[in-house]
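Numbers here are sequence positions counted from 1.
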Amino acid sequence: MKRVVVGLSGGVDSSVAAYLLKEQGYEVIGLFMKNWHDDSVTISNECPWLEDSNDALLVAEKLGIPFQTVDLSEQYKEKIVDYMFSEYEKGRTPNPDVLCNREIKFDVFMKIALSLGADFVATGHYCRKGTIEKDGNEVYQLLAGIDGNKDQSYFLCQLSQEQLSKALFPIGELTKPQVREIASKLDLITAEKRDSQGLCFIGKVRLPEFLQQKLQPKEGLIYEINADNTIYNQEVTLFDSLEEKLAFEANGISYLPENGKVVGKHQGAHYFTIGQRKGLNVGGTKEALFIIATDVKSNIIYTGQGANHPGLFKKTLKVLPSEIHWIREDLALKNGETLEVMARIRYRQELQKATLHQFESGLYVSFEQPQSAITEGQFVAWNIGDELVGSGVIS
């Protein structure tokens, strides 16, 4: 009998995942990951992880499976929290959920599971795993979940063949309402529980307060750039090569204070991200102000009015060579090659038509339509059909 360790999070999805595996005849062990317990930064007195581990325990008892808790907060701090601070300091916006899956759930956690004699690790993600044969080898596919509303394959865009080979996603064939229905029938305590909000680890922590512990507030100016600024109608130069043209498009516009006017003050450019409109506290504009650029070196934030401001849009982004990741290594591009894909730059975004261009200097993702708020440090992921084949960090 194959043994599976399920990451029981205290939520409905992983509860039902554990039940389904049991039904399928696996020997199932429930493991709760404790990732965070620095109470100095939680906002309310609630202790989310305690409540969650309790719920996970009750689910395990109900399903009649062994259960234990593992404390991964050390590894968590080192691999996720420290990384987040260093990214924000550089003016980039990391995605902790993608990292958490790559570095914690399918790495540290997976190693613990394998040391318990597990054949597989399962999670409550809405995605599916496929297996095909290529040149006599088994190749694993990461496929979108059936529930288009909840597809979470994006969060797993950094997994490797090795990690996928040991992964199971039992609820990928179901929709969220079906999952809730199963949990209700089984009378599981998690059946009606709300989906967890917030970062995958900090629970109820507001990001700026969290960042303020490590990144000192530093007053700076907020500039507004008009949508009809001549900077947006510059003559397009002729390029010597496609690579040069893509590099120009990916770089976007470098703003200077003289391009705009001062409209307010902020407490640190590194707390803000492109496309953000809350938290600026600048009033009196006709339309809402959106952040179109941040300059952490000069500690300046550039903004523009309205969601259609030209400063928010770009057609092309770049991924550095060291940050290109192919789940399907057999499809990786060689220098000079291109590939038509469907790509997204954030979770829940509709897939967009794009072309990948591989050069020695990196990979360019060129979209058919300009994209709003392409953000450094976030992940771009690309699909062929409903298969997520690769991803990279936006540079």
Side-chain angles (χ1 to χ4, degrees), residues 87-95 207-208 211-212 215-239 244-319 344-346 349 352 354 364-380 393-395:
E87 285 286 275
Y88 274 103
E89 235 167 345
K90 293 177 192 144
R92 303 191 353 158
T93 308
N95 186 319
L207 200 57
L211 292 172
Q212 267 160 14
L215 306 177
Q216 291 312 306
K218 190 164 88 186
E219 192 172 89
L221 296 173
I222 301 173
Y223 287 83
E224 184 192 332
I225 311 278
N226 280 336
D228 52 14
N229 192 307
T230 52
I231 207 166
Y232 299 119
N233 321 321
Q234 287 168 352
E235 287 292 300
V236 176
T237 41
L238 289 169
F239 299 99
E244 216 174 271
K245 177 175 182 283
L246 292 167
F248 175 81
E249 290 174 2
N251 280 334
I253 293 167
S254 300
Y255 297 98
L256 295 166
E258 51 264 34
N259 300 137
K261 61 172 199 266
V262 175
V263 290
K265 289 185 171 157
H266 62 81
Q267 290 307 309
H270 43 258
Y271 299 138
F272 293 89
T273 180
I274 292 175
Q276 180 177 338
R277 70 159 204 231
K278 291 197 168 62
L280 281 168
N281 302 326
V282 176
T285 55
K286 203 169 128 199
E287 289 189 86
L289 283 182
F290 286 80
I291 294 179
I292 56 176
T294 61
D295 178 343
V296 287
K297 283 200 182 69
S298 316
N299 198 30
I300 293 173
I301 289 176
Y302 295 99
T303 61
Q305 280 190 47
N308 294 320
H309 189 283
L312 280 171
F313 293 87
K314 277 200 320 195
K315 271 191 76 157
T316 304
L317 63 84
K318 182 179 184 182
V319 179
R344 55 166 58 106
I345 53 171
R346 60 181 69 89
Q349 183 193 23
Q352 310 284 320
Y364 289 96
V365 182
S366 178
F367 291 91
E368 193 172 84
Q369 299 297 324
Q371 300 297 306
S372 174
I374 291 178
T375 308
E376 260 191 273
Q378 293 279 304
F379 289 88
V380 55
V393 183
I394 300 170
S395 85

Separation between CD1 (I300) and CD1 (I222), nearest 0.5 Å, reads 11.5 Å

Rounding to 0.5 Å, atoms CZ (R277) and CG (L289) come to a distance of 10.5 Å

**Item:** Working for side chain to side chain contact (heavy atoms under 4.5 Å, CB included), residues T294 and H270
**Value:** CA-CA 8 Å; T294 61; H270 43 258; over 6 Å; no

Checklist line | Q369 side chain to Q352 side chain, donor-acceptor N/O pair below 3.5 angstrom | finding: no

To the nearest 0.5 Å, atom CG of N251 lies from atom CG of L317 at 11.5 Å

>> Is the distance from the ring center of Y255 to that of Y223 below 6.0 Å?
In response: no

Interatomic distance, CG@L238 vs CD@E244, rounded to 0.5 Å, equals 10.5 Å

Practice problem: Evaluate side chain to side chain contact (heavy atoms under 4.5 Å, CB included) for T93 paired with Y88, printing each intermediate quantity in order. | Solution: CA-CA 6 Å; T93 308; Y88 274 103; 3.9 Å; yes

inquiry  = Using 30° and 60° as the class boundaries, would you call the ring planes of F248 and F239 parallel, tilted or perpendicular?
reply    = tilted

When every non-hydrogen atom of G275 is compared with those of A373, the smallest separation belongs to CA-CB, 3.8 Å

Here the gap from Q216 atom CD to Q267 atom CD, rounded to the nearest 0.5 Å, amounts to 11.5 Å

Side-chain donor/acceptor of Q349 to backbone N/O of I345, under 3.5 Å:
yes

Practice problem: Keeping the roles fixed (side chain from N229, backbone from N259), state whether a donor-acceptor pair exists under 3.5 Å. | Solution: yes

task = Examine distances only and state if a side-chain atom of Q378 and a backbone atom of P94 form a donor-acceptor pair shorter than 3.5 Å.
result = yes

Taking every heavy atom of I374 against every heavy atom of I274, the minimum-distance pair comes out as O-CD1, 4.1 Å

- Mind checking whether K90 and V296 have side chains closer than 4.5 Å, heavy atoms only? no

In terms of heavy-atom contacts, P310 and A227 come closest through CG-O, 3.5 Å

Minimum side-chain heavy-atom gap V393-R92 below 4.5 Å:
yes

| task | Applying side chain to side chain contact (heavy atoms under 4.5 Å, CB included), run through V380 and R344 and close with a yes or a no. | result | CA-CA 6 Å; V380 55; R344 55 166 58 106; over 6 Å; no

Closest non-hydrogen contact found for A354 with F367 is CB-CD2, 3.8 Å

task = Please confirm whether the backbone N or O of G377 pairs with a side-chain atom of N95, one donor and one acceptor, at under 3.5 Å?
result = no

In this structure, CD of E224 is separated from CD of Q305 (nearest 0.5 Å) by 4.5 Å

Contacts satisfying salt bridge (Lys or Arg N to Asp or Glu O under 4.0 Å) that involve residues 294-318 (not counting sequence neighbours) are none

- Query: How far apart are the C-alpha atoms of H309 and Y232, what are their side-chain angles, what is the distance that settles it, and do they pass the ring-ring contact (aromatic ring centres under 6.0 Å, His included) test?
  - Reply: CA-CA 10 Å; H309 189 283; Y232 299 119; 5.5 Å; yes

Could you tell me whether the side chain of I292 reaches within less than 4.5 Å of the side chain of I225, counting heavy atoms only?
yes

Applying side chain to side chain contact (heavy atoms under 4.5 Å, CB included) to V282 and T303, what does each step give before you reach the verdict? CA-CA 10 Å; V282 176; T303 61; over 6 Å; no

Closest heavy-atom pair, Y364 versus A250, reported as atoms and distance to 0.1 Å, is CE2-CB, 4.0 Å

Heavy-atom closest pair (L215 atom, Y271 atom, distance to 0.1 Å) is O-OH, 2.5 Å

